[in-house]
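In what follows, every chain begins at residue 1, and chains take the letters A, B, ... in the order their sequences are listed.
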Protein chains: 2
Amino acid sequence: MKRARSYSRVTKQALSIFGKLIKAGRLEHKLTATELSERAGITRRTLRNIENGEAGSEIGTVFEVAALVGVRLFDVDERTLATHNAHLEEKLTLLPKSVRHRKQEVDDDF
Amino acid sequence: MKRARSYSRVTKQALSIFGKLIKAGRLEHKLTATELSERAGITRRTLRNIENGEAGSEIGTVFEVAALVGVRLFDVDERTLATHNAHLEEKLTLLPKSVRHRKQEVDDDF
DNA sequence: TTTTAATGGGCCTTAAATTACTCAAATCAG
DNA sequence: CTGATTTGAGTAATTTAAGGCCCATTAAAA
């Protein structure tokens with residue numbers, strides 16, 4: 001039950017970038033860490049973890065903070081998000097609902 | 001210490017999209033939920049939370065799962081991540097290290 | 001330069017997420 | 001269609017992140 005996660009380099013890089021984007025956004029908006037954390041409803045401590053690119057924070061919290069300082073997710077504006085979502089929804093309905101493996105060996109392309 | 005967070009619409013949309021991208025990626029790679037969760041070192045339950053766009057999972061875990069099924073963060077490939085990171089690092093050194101508010105009222109553009 | 005707000009980090013408590021089962025419903029392969 | 005696999009869901013126990021406090025250091029403003 002030990003968790004002791006390890007993260008790939010891509011993940012670490014992405015987290016680091018995300019944190020820096022948020023910090024830069026905060027500074028550009030001239031917000032102190034305390035101010036931003038209060039607006040986000042978290043503590044200064046948690047905000048610092050996020051800005052430092054630590055892996056443990058809740059994704060909802062991180063996205064919320066990002067939105068507060070103008071860091072866009074998926075490089076699209078708010079309106080476009082809904083469109084993307086709908087499109088993905090449709091795509092999912094076209095894909096099989098579950099994955100089944102054949103009895104016979106199938107060449108796994110991994 | 002009650003948390004009971006609330007999330008903005010943008011955040012919810014982004015989470016929903018992210019979850020769907022991951023699920024679509026998993027299906028396209030023909031991985032079962034169990035298989036992907038094992039590769040990510042999490043339980044099937046946690047994976048479902050992520051695919052359902054719930055806000056509570058750790059961002060590191062979500063990014064890791066995303067990477068496993070080929071969902072790109074920031075729409076860039078792995079090599080470019082390092083470049084982005086370095087560029088941001090430089091940008092941060094140019095910004096003030098801390099934000100100070102003047103005694104006199106300053107017109108807050110918020 | 002001086003002042004003092006802002007940041008960084010440690011530590012303990014508490015609430016929430018993850019885990020680890022189990023079972024039912026859905027759905028795909030044969 | 002049928003059967004076996006996959007997924008969806010609920011619960012309790014465990015692990016962990018967030019909260020909240022403190023103090024030291026840094027750095028922007030006067």
Side-chain angles (χ1 to χ4, degrees), chain A residues 1-7 15 19-20 22-24 26-65 69 92-106, chain B residues 1-7 15 19-20 22-65 69 92-106 108:
Chain A
M1 204 171 310
K2 168 154 309 190
R3 276 205 258 167
R5 302 256 161 68
S6 71
Y7 301 96
L15 288 172
K20 291 195 180 89
I22 288 172
K23 181 164 192 172
R26 174 172 69 79
L27 295 176
E28 285 167 351
H29 281 270
K30 299 205 193 306
L31 289 170
T32 68
T34 304
E35 287 170 336
L36 179 54
S37 66
E38 282 171 354
R39 294 190 190 196
I42 60 177
T43 60
R44 195 163 61 87
R45 182 45 170 276
T46 302
L47 175 60
R48 190 160 62 249
N49 287 341
I50 292 172
E51 291 187 348
N52 285 345
E54 312 214 353
S57 291
E58 295 184 15
I59 190 168
T61 306
V62 182
F63 277 18
E64 193 74 22
V65 172
V69 296
L92 278 178
T93 66
L94 297 179
L95 286 169
K97 311 284 171 294
S98 71
V99 172
R100 309 276 301 227
H101 291 304
R102 288 194 259 165
K103 287 288 173 52
Q104 305 294 68
E105 282 306 302
V106 61
Chain B
M1 202 168 307
K2 170 154 305 191
R3 278 202 257 167
R5 302 256 161 69
S6 72
Y7 300 95
L15 287 172
K20 290 195 181 88
I22 288 172
K23 181 163 192 173
R26 174 172 69 79
L27 295 176
E28 285 167 351
H29 282 268
K30 300 206 192 307
L31 289 170
T32 68
T34 303
E35 287 170 336
L36 178 56
S37 65
E38 281 171 355
R39 295 190 189 195
I42 59 178
T43 60
R44 197 163 60 88
R45 181 48 169 277
T46 303
L47 175 60
R48 182 141 38 77
N49 287 341
I50 293 172
E51 291 188 348
N52 284 346
E54 310 209 358
S57 290
E58 296 183 16
I59 189 168
T61 306
V62 182
F63 277 17
E64 193 73 22
V65 172
V69 294
L92 277 178
T93 65
L94 297 178
L95 286 168
K97 310 289 171 292
S98 70
V99 172
R100 308 275 301 224
H101 291 305
R102 290 193 256 166
K103 286 287 173 53
Q104 306 294 66
E105 283 307 302
V106 62
D108 200 325

Item checked: Minimum heavy-atom distance A/His101-B/Glu35, with the two atoms named -> NE2-OE2, 2.7 Å
Notebook entry, point to check: Closest approach of A/Ser57 and A/Val62, non-hydrogen atoms and distance?
Noted result: CB-CG2, 3.9 Å
Check: If only side-chain N and O atoms of A/Thr46 are considered, is one of them under 4.0 Å from the OP1 or OP2 phosphate oxygen of D/dA17?
Finding: no
Checklist line | Polar pair under 3.5 Å, donor/acceptor by atom type, side chain A/Arg45, base C/dG8 | finding: no
Next item on the list: Taking only the side-chain heavy atoms of A/Lys23 (C-beta and beyond), determine which of C/dT19, C/dG8, C/dG10 contains the nearest atom.
Entry: C/dG8
Next item on the list: Answer yes or no: is there a side-chain heavy-atom contact under 4.5 Å between A/Leu47 and A/Arg26?
Entry: yes
Margin query: Distance check needed: C/dA17 P versus A/Ile59 CD1, whole Å only.
Written below: 14 Å
Note to self: Nearest 0.5 angstrom please: A/Arg5 CZ to B/Ile42 CD1, how far?
What the structure shows: 7.0 Å
Notebook entry, point to check: Rounding to a whole Å, what distance do you find between A/Glu54:CD and D/dT16:P?
Noted result: 15 Å
Check: In whole Å, what is the span from the NE2 atom of B/His101 to the P atom of C/dT7?
Finding: 8 Å
Any N/O pairs under 3.5 Å between the protein and nucleotides 23-27 of chain C? List them or say none.
| residue | atom | partner | partner atom | Å |
| --- | --- | --- | --- | --- |
| C/dT27 | O2 | A/Arg100 | NH1 | 3.0 |

Notebook entry, point to check: When the nearest nucleotide of DNA chain C is assigned to A/Pro96 and to B/Ile42 on a heavy-atom basis, which residue is associated with the more 5' position?
Noted result: B/Ile42
Next item on the list: Quick one: label B/Gly60 by what it contacts on the DNA or RNA (base, sugar-phosphate, nothing), any heavy atom closer than 4.0 Å.
Entry: nothing
Next item on the list: Establish whether the base of D/dA30 is bridged to the side chain of B/Arg102 by a donor-acceptor pair shorter than 3.5 Å.
Entry: no
Check: Does D/dT6 have OP1 or OP2 sitting under 4.0 Å from an N or O in the side chain of B/Arg26?
Finding: no
Margin query: Is the phosphate of D/dG19 approached by B/Arg5 (side-chain N or O, under 4.0 Å from OP1 or OP2)?
Written below: yes
Check: Which is true for B/Thr61 with a 4.0 Å heavy-atom rule: it touches a base, it touches only sugar-phosphate, or it touches nothing?
Finding: nothing
Item checked: A/Leu92 side chain reached by B/Leu27 side chain, heavy atoms, under 4.5 Å -> yes
Checklist line | A/Thr46 versus A/Thr43, side-chain donor and acceptor atoms under 3.5 Å | finding: yes
Margin query: Whole angstroms only, please: what is the CD-P distance between B/Glu35 and D/dT5?
Written below: 13 Å
Checklist line | Atom pair NZ/CZ of A/Lys30 and B/Arg102 - distance to nearest 0.5 Å | finding: 9.0 Å
Note to self: Heavy-atom nearest nucleotide on DNA chain D for A/Val99 versus B/Val99: which residue maps closer to 5'?
What the structure shows: A/Val99
